[in-house]
J.: 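Just passing along the structure, written as structure tokens.
A, B, ... follow the sequence lines: proteins, then strands. Residue 1 opens every chain.
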Protein chains: 2
Amino acid sequence: MEYIKLVGELLREKREEKGMLLRHVSAKLDIDTAILSKIERSERKASREQILKLAEVLDLNKEDLFVQYLSEKILFEIKDEELGAKALKVAEQQITYINKKKNER
Amino acid sequence: MEYIKLVGELLREKREEKGMLLRHVSAKLDIDTAILSKIERSERKASREQILKLAEVLDLNKEDLFVQYLSEKILFEIKDEELGAKALKVAEQQITYINKKKNER
DNA sequence: AATATATTTGACAAATACTGTCAAGTCAAA
DNA sequence: TTTGACTTGACAGTATTTGTCAAATATATT
């Protein structure tokens with residue numbers, strides 16, 4: 001299993017690659033640099049809107065970034081749980097079932 | 001894929017099966033009947049502690065109930081998201097990776 | 001039908017978590 | 001040693017959660 005970067009790491013890498021400063025990017029999101037700094041270091045979670053805006057500003061693939069963002073939210077939910085992996089499997093079965101039902105309609 | 005009951009449904013079924021009233025069970029949890037009523041109808045989420053206590057009081061398999069409870073929490077997190085199923089798959093890959101690393105230590 | 005009991009509902013309060021600002025602090029480069 | 005970029009933590013405002021209570025509704029029994 002390969003290592004997958006945290007959203008924050010992706011954001012920082014891409015920002016630096018583009019030679020942008022925290023202040024440049026945070027201005028586009030209309031937030032303080034402090035918050036962006038924390039997001040990049042995974043000290044805070046971005047909001048849905050912030051992630052989508054960040055993808056735009058930094059030319060990151062919106063879908064990929066958002067999927068990784070959602071995944072981290074899920075993992076956060078179960079991070080302290082012994083039974084997290086089991087719960088994930090069950091959730092996947094159930095979402096499959098739910099989506100199947102959606103298609104039937 | 002078989003239909004899997006909601007935690008609330010399980011709780012209500014088992015409570016009724018045992019001939020207990022909301023008041024009997026809610027007393028054991030030290031909460032108002034109103035809250036238990038809402039939990040059983042999935043209008044509110046139980047806390048981790050409440051779920052574990054409910055398993056005890058109602059003689060439900062603690063692990064099964066808790067896994068189902070966690071699963072619902074996960075699904076709630078992504079319920080409005082187009083990309084939820086994708087995110088779940090990624091989360092599963094990542095938790096596998098994380099747990100593998102844990103075992104290496 | 002009238003009463004009694006069980007459950008549901010929604011308004012409210014208190015506690016907790018979230019989101020952002022600001023100013024002071026650290027760190028590295030010039 | 002000054003400058004600029006980033007980090008840190010205290011703080012305020014807001015939103016969400018968690019529970020209580022009393023009134024409304026539903027279900028049972030007489």
J.: Quickly, which of Glu13(A), Arg12(A), Met20(A) forms a side chain to side chain contact (heavy atoms under 4.5 Å, CB included) with Glu16(A)? Name it, please.
T.: Arg12(A)

J.: Name every residue in residues 7-30 of chain B that has at least one heavy atom under 4.0 Å from any atom of DNA chain D, in order of residue number, or write none if there are no such residues.
T.: none

J.: Ignoring hydrogens and angles, state whether a donor on the side chain of Glu63(A) or Gln68(A) is under 3.5 Å from an acceptor on the partner side chain.
T.: no

J.: Send over the distance from Ile35(A) CD1 to dC6(D) P, rounded to a whole Å.
T.: 16 Å

J.: Is there side-chain contact between Arg15(B) and Leu22(B), with heavy atoms separated by less than 4.5 Å?
T.: yes

J.: Hey, is the side chain of Gln50(A) poking within less than 4.0 Å of OP1 or OP2 on dC18(C), counting only N and O atoms?
T.: no

J.: At under 4.0 Å, does any side-chain N or O of Arg41(A) touch on OP1 or OP2 of dT7(D)?
T.: yes

J.: Quick check: do Lys100(A) and Thr96(A) have side-chain heavy atoms less than 4.5 Å from each other?
T.: no

J.: Can a donor-acceptor pair be found, under 3.5 Å and without considering hydrogens, that links the side chain of Glu72(B) to the backbone of Val7(B)?
T.: yes

J.: For Glu49(A), answer base if it contacts any base atom (sugar-phosphate contacts may also be present), sugar-phosphate if it contacts only those atoms, and nothing otherwise; contact means non-hydrogen atoms under 4.0 Å.
T.: nothing

J.: Between the side chain of Lys5(A) and the main-chain N/O of Leu10(A), is any donor-acceptor distance below 3.5 Å?
T.: no

J.: Below 3.5 Å, does any donor atom in the side chain of Lys38(B) face an acceptor in the base of dG19(D), or the other way round?
T.: no

